[in-house]
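Scroll down for the structure; my scribbles are underneath it.
Bear in mind the structure is a predicted one, so any value in this text is a computation, not a measurement. Letters go in sequence order (proteins before strands), and every chain restarts at 1.
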There are 2 protein chains.
Amino acid sequence: MNDPHAARQDTRKKILDLAEALWLGRGFNSFSYQHISRELGVKNAAIHYHYPRKTDLGVALIERYRRRFGRFAEAQAGLDPREQLEQYFGLTDAYHDQDGQICPSGVLSSDFPTLPDEMQQAAQAFVAEMRTWAVAILREGRERGVMQYPGSPEAMGELVFAALQGALQLARLDRTALPAIKQQVRCLLGFADAEPHHEEDHDNTKKSHEPHRRQGE
Amino acid sequence: MNDPHAARQDTRKKILDLAEALWLGRGFNSFSYQHISRELGVKNAAIHYHYPRKTDLGVALIERYRRRFGRFAEAQAGLDPREQLEQYFGLTDAYHDQDGQICPSGVLSSDFPTLPDEMQQAAQAFVAEMRTWAVAILREGRERGVMQYPGSPEAMGELVFAALQGALQLARLDRTALPAIKQQVRCLLGFADAEPHHEEDHDNTKKSHEPHRRQGE
DNA sequence: GACACCTTACTAACCGGTAAGTAGAGTGGG
DNA sequence: CCCACTCTACTTACCGGTTAGTAAGGTGTC
C-alpha cells in the first residue's frame with residue numbers, strides 16, 4: 001500500500017461517485033459543488049481542482065457511465081435475451097432501491113434543455129447507445145423465438161426503453177408502478193410463465209442485481 | 001372593458017402562463033422569478049406579491065393543470081376509447097412542438113426529490129389522477145372490444161402512460177422517438193389499420209390538437 | 001381613506017469559478 | 001546524505017452574479 005497515486009485517484013473517484021449519486025437522485029442542476037465537498041470533508045476548490053467547471057464534471061459522469069454500460073452490455077452479449085431483459089429489470093430495481101434514483105437516460109433527457117452544449121452532445125451519443133442496446137435485445141429475442149410481439153424490434157425496443165425510464169420516475173411517487181410495468185412488459189413479450197402474482201417490493205434475494213459499480217478512471 | 005378585476009387577473013394569469021411554459025420546458029428548479037419578471041416587464045417583487053413563495057407558484061401550477069386536465073378528461077368521456085387515445089397522443093405532440101416541453105407528470109416525477117412537501121403532495125394526487133385516467137381508457141377499450149392486449153387494464157394503462165412520458169423526454173434528444181413509440185402503442189393494441197408508414201413529424205394538419213389552453217384562475 | 005397592485009431597495013444565502021499560497025512527497029545533482 | 005527543485009493535491013480567501021424572499025413606500029381606483 002501507500003501507492004503514490006492512491007490519494008489522487010481516491011479523492012477523484014470519491015468525487016465522481018458522490019456526484020453520480022446526487023446526479024441520478026436529484027438531477028444535474030439540483031446539486032452543487034458544496035453538496036460534494038461538504039460530504040467529502042474537503043473544500044469547494046478541491047473539486048474545482050479535479051473538475052474545473054461543472055460541465056467537466058458532467059461530461060466525466062456521462063463518459064464514465066458510458067464505459068461502464070459498455071462493459072455491462074458486452075458481458076451479457078450472447079446471453080438468452082430473456083435473461084438479458086431480466087438483468088435490465090434488475091438494474092432498474094437497483095436504481096430505485098438506491099434512494100429513488102432514476103436511470104441516466106431519464107435524468108439526461110429531463111435536464112437536457114438546461115445542459116451545456118458539451119453535455120448535450122455526450123448525452124445524445126450515450127442515450128443513442130442505450131436505445132440501440134434495448135432494440136438489440138428485442139430483436140434477438142424475436143429471432144431466437146423466445147419473445148413474441150407485433151411491430152418492428154426498433155419500435156418495440158424504444159417503447160420498452162421509454163416505459164422503463166418512465167416507470168423509474170413514476171416509482172418515486174408510487175412504488176407499485178415499477179413492478180407493475182415490468183410485469184406488463186413480460187406479459188407483452190409472451191412470457192406466460194411470468195412470476196405468478198407480484199414479486200412486489202425488493203424481497204428478491206435471489207441475486208445481487210448490482211451489475212457494475214466498480215472501476216477506477 | 002376596463003373590468004375592475006381585469007388587471008389583477010391579467011398579470012396573475014400571465015405569470016402562471018409563463019411559469020408553466022418554463023416549468024414544462026426546463027423543470028421547476030431551473031427557472032427563477034427573474035425569468036418571469038424580465039419577460040413580463042415587471043419587477044421581481046411583483047411576482048412575489050401574487051405568489052409569495054415559489055412553493056405557492058408551484059402548487060398553483062399543479063392545481064391549475066389538474067383542473068384543466070379534469071375538464072379535458074370529462075369532455076372526452078364516453079368517446080370511442082381509440083379516439084381518446086389519439087387525443088392523448090395529440091396532447092403529447094402539442095407538448096413536444098412547444099419548444100420540446102414534456103408532460104407535467106414527467107417533470108414532476110423527475111424533480112420530485114427536490115420539491116417542497118406541499119408540491120410533493122399535490123404532485124402525487126395529480127399524477128395518480130392521470131394514471132387512473134390512462135387505465136380507464138385501456139379498460140374501456142377492451143370492454144368495448146376495440147383494443148386487444150394481454151394483462152390487466154391497470155398494468156397496460158400504467159405501461160402506456162410511462163412509455164409516453166418517457167417518449168416525450170427522449171424526443172428532446174431524438175425527435176423520431178415520439179412517433180415511433182406512439183405507433184408501437186397502436187400496434188400493441190391491435191390497430192392493424194394504423195397509419196400506413198410513418199406520420200413522421202408534425203404535418204398532421206388534420207386537427208388543432210391543442211385541447212385545453214384557456215381559462216382564468 | 002381603504003384597498004389592490006405594483007416599485008424601490010434591500011438582505012442573506014448560495015451559485016460556479018478563480019487566484020494565490022502551502023504542505024508534503026518525489027527526484028536529481030553534487 | 002542533503003539540498004534544491006518540482007509537482008500534486010489541496011486550502012484560504014476571494015469574485016461577481018443569481019437565488020428566493022422582505023419591508024416600506026407610492027399610485028391609481030372605488
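- In this structure, the CZ atom of A:Arg38 is 10 Å from the C1' atom of C:dC14, given to the nearest Å.
- Ring geometry for A:Phe28 against A:Phe31 counts as perpendicular: the plane angle is over 60°, on a 0 to 90° scale with 30° as the lower cut.
- For C:dC6, the OP1/OP2 oxygens have no side-chain nitrogen or oxygen of B:His48 closer than 4.0 Å.
- OP1 or OP2 of D:dT18 has not a single side-chain nitrogen or oxygen of B:Ser32 nearer than 4.0 Å.
- The side chain of B:Ala45 lies closest to C:dT8 when the candidates are C:dT8, D:dT19, D:dA13.
- Between the C1' atom of C:dC6 and the CZ atom of B:Arg12 lies a distance of 14 Å, rounded to the nearest Å.
- Distance A:Glu118 CD to C:dG16 C1': 15 Å, rounded to the nearest Å.
- Between A:Phe161 and A:Tyr88, the two ring planes are parallel [angle under 30°; tilted spans 30° to 60°].
- Residue-level contact check: A:Phe31 touches the backbone only, with heavy atoms under 4.0 Å from sugar-phosphate atoms and none from bases.
- Protein atom NE2 of B:His35 is 10 Å distant from nucleotide atom P of D:dT18, rounded to whole Å.
- The B:Tyr49 side chain lies nearest to C:dC6 when the options are C:dC6, C:dG16, D:dG21.
- Checking C:dT8, D:dC10, D:dT19 against the side-chain heavy atoms of A:His50 singles out D:dC10 as nearest.
- Taking only side-chain nitrogens and oxygens, A:Lys43 never comes nearer than 4.0 Å to OP1 or OP2 of D:dC10.
- For C:dC14, the OP1/OP2 oxygens have no side-chain nitrogen or oxygen of A:Gln34 closer than 4.0 Å.
- A cation-pi arrangement is absent between B:Lys43 and B:Tyr49 under the rule of less than 6.0 angstrom and at most 45 degrees off the ring axis.
- Atom pair A:Met119:CE and C:dG16:P shows a separation of 13 Å (rounding to whole Å applied).
- Rounded to whole angstrom, the span from the NZ atom of A:Lys54 across to the P atom of D:dT18 amounts to 16 Å.
- No side-chain donor-acceptor contact under 3.5 Å links B:Glu118 and B:Thr55.
- Taking atom CZ of A:Phe28 as the reference point, atom P of C:dC15 lies 13 Å away to the nearest angstrom.
- Side-chain atoms of B:Asp56 come within 3.5 Å of backbone atoms of B:Arg53 as a donor-acceptor pair (strictly under, hydrogens ignored).
- Sequence order on DNA chain C of the closest nucleotides to B:Ala46 and A:Pro52 puts B:Ala46 first from the 5' end.
- Summarising the geometry, the separation between CD1 on A:Ile47 and P on D:dC10 is reported as 9 Å, rounded to the nearest angstrom.
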